[in-house]
2 protein chains.
Amino acid sequence: MPRRDGCGPPWFSGQLRGCGRRLTAARELILDVMSRKEGHFSVEEVYAAVRKQYPRVGLVTVYRTLTLLVEMGLLACHEFGDGRARYEMIRGSKSEDHHHHLVCTSCNRVVDYRDFIDDEVQLLKKTEAALSKRFRFKINDHVIEFYGLCEKCQK
Amino acid sequence: MPRRDGCGPPWFSGQLRGCGRRLTAARELILDVMSRKEGHFSVEEVYAAVRKQYPRVGLVTVYRTLTLLVEMGLLACHEFGDGRARYEMIRGSKSEDHHHHLVCTSCNRVVDYRDFIDDEVQLLKKTEAALSKRFRFKINDHVIEFYGLCEKCQK
DNA sequence: TTACAATTGAAAATCAATTTCAATAAGGAA
DNA sequence: TTCCTTATTGAAATTGATTTTCAATTGTAA
């Protein structure tokens with residue numbers, strides 16, 4: 001696949017080289033697609049979007065690139081229980097972008113929410129401390145998800 | 001596989017018949033195994049335990065029976081991110097047995113905790129109400145999980 | 001006991017994701 | 001620019017978990 005410079009952010013090439021990696025058209029394109037889209041996407045969905053611009057990209061490359069972008073801290077990967085991973089752009093720093101999820105169990109739509117989590121996060125800190133002590137775990141992360149039916153799927 | 005009456009609870013047969021199902025040795029046995037074990041188990045683990053008593057049981061039947069027991073509300077099924085489902089006995093009523101999880105990302109051990117969730121549940125109720133209103137979701141369930149390293153895996 | 005339908009096990013199929021490997025392309029050096 | 005090394009790629013094969021198919025078996029109501 002031929003290179004196509006300039007569709008991605010300028011720091012991307014540097015960040016790749018910084019860890020001994022190379023800038024390729026596939027990587028630029030996939031990052032570009034992900035950064036334009038708002039929401040959570042399966043590998044197949046990303047693959048379809050990328051293929052519209054470059055039909056030569058293989059599914060395997062999409063898998064590999066998404067994994068790479070997660071390692072680089074640019075994407076987050078979630079599993080909402082339907083057996084396929086979803087990828088989401090992290091906007092801003094990881095901690096700034098922290099949010100929780102609301103998942104429709106019928107249509108699999110996922111809504112991020114950031115507005116109501118201040119109290120949650122504060123309580124989680126306390127809970128984390130208590131759990132850490134009690135079970136001697138070093139806690140690194142948490143997941144809060146609500147499951148239900150979205151407006152459309154209630155009808 | 002021959003029947004083997006009496007190893008399961010007496011209400012089990014009735015609950016099955018109540019929804020047009022039959023009591024079989026495999027079903028009694030799998031329920032029995034699950035009710036004796038404390039914790040979360042993969043299909044393979046249940047399969048191994050069941051096979052110790054009845055080597056003729058097939059893996060497919062274990063899959064089918066675990067799914068059935070979840071439908072009947074006797075087991076809960078969780079996915080902790082390693083790509084294989086875990087099944088857990090529900091003891092008492094579903095709401096009485098409510099708990100959250102602490103997952104070791106290294107050895108996949110899962111700890112249930114019930115002691116610290118009173119505050120959590122109260123906050124979740126509030127959050128649920130706010131989210132319901134804002135996003136017009138009918139919320140049925142939630143997941144709270146902490147991820148980290150257990151004592152052994154920190155070393 | 002009989003008859004019918006649910007259940008079973010083995011094999012095959014499916015589905016997401018990973019690995020293999022030869023061909024290609026990125027990017028530093030000359 | 002051209003060359004060279006090595007990372008990256010795509011296609012095909014592979015894996016691992018789970019599901020489906022189907023003929024044989026077994027539960028249960030009559």
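Any value given below was found using the heavy atoms of this structure, including those in side chains, with hydrogens, waters and symmetry copies removed. Quick note on labels: first sequence line is chain A, next is B, and so on, each numbered from 1.
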For DNA chain D, determine which residues of residues 64-88 of chain B have any heavy atom closer than 4.0 angstrom to one of its atoms, and list them numerically.
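Of all residues in residues 64-88 of chain B, the ones placing a heavy atom under 4.0 Å from DNA chain D are B:R64, B:G83, B:R84, B:A85.
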When the nearest nucleotide of DNA chain D is assigned to B:S13 and to A:Y47 on a heavy-atom basis, which residue is associated with the more 5' position?
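It is A:Y47 whose nearest nucleotide is closer to the 5' end.
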Using a 4.0 Å heavy-atom cut-off to protein, can you give one letter per nucleotide of nucleotides 1-7 of chain D, 5' to 3': B if the base is in contact, S if only the sugar-phosphate is, - if neither?
-----BB
Round to a whole Å and report the spacing from [atom1] of [X] to [atom2] of [N].
X: A:R17; N: D:dT8; atom1: CZ; atom2: P; result: 12 Å
X: A:E28; N: D:dT9; atom1: CD; atom2: P; result: 12 Å
X: B:Y63; N: C:dC15; atom1: OH; atom2: C1'; result: 13 Å
X: A:E45; N: C:dA16; atom1: CD; atom2: C1'; result: 14 Å
X: A:F12; N: C:dA26; atom1: CZ; atom2: C1'; result: 14 Å
X: B:L59; N: C:dA10; atom1: CG; atom2: C1'; result: 11 Å
X: B:E44; N: D:dT15; atom1: CD; atom2: C1'; result: 14 Å
X: A:L16; N: C:dG27; atom1: CG; atom2: P; result: 9 Å

Co-members of the apolar cluster containing B:V103 [side chain, <4.5 Å]:
A:V143, B:F80, B:V110, B:Y147
From B:K155 NZ over to B:K152 NZ, what is the distance, rounded to the nearest 0.5 angstrom?
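The NZ atom of B:K152 is 8.5 Å from NZ of B:K155, to the nearest 0.5 Å.
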Under 3.5 Å, is there a donor-acceptor pair between the side chain of B:E45 and the main chain of B:S42?
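Yes, B:E45 side chain to B:S42 backbone: donor-acceptor pair under 3.5 Å.
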Pair A:H142 and A:H100, ring centroids less than 6.0 Å apart:
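Yes; A:H100 has its ring centre under 6.0 Å from that of A:H142.
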Which residue lies more 5' along DNA chain C, comparing A:V60 with B:R51 via nearest heavy atoms
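The residue whose closest nucleotide sits nearer the 5' end is B:R51.
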NZ or CZ of B:K133 within 45° of B:F135 ring axis and under 6.0 Å:
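No - B:K133 does not lie over the ring of B:F135 by the 6.0 Å and 45° rule.
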Under the salt bridge (Lys or Arg N to Asp or Glu O under 4.0 Å) rule, collect the residues that match up with [X], sequence neighbours excluded.
X: B:R86; result: B:D82
X: B:E38; result: B:R91
X: A:E44; result: none

Give the minimum heavy-atom separation between B:R114 and B:H98, together with the two atoms involved.
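Smallest heavy-atom distance, with atoms named: CG-O, 4.0 Å.
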Does the side chain of B:T24 get closer than 4.0 angstrom to OP1 or OP2 of C:dA6 through an N or O atom?
no
Testing D:dT9, D:dT28, C:dG27 for proximity to the side chain of A:A26, the answer is D:dT9
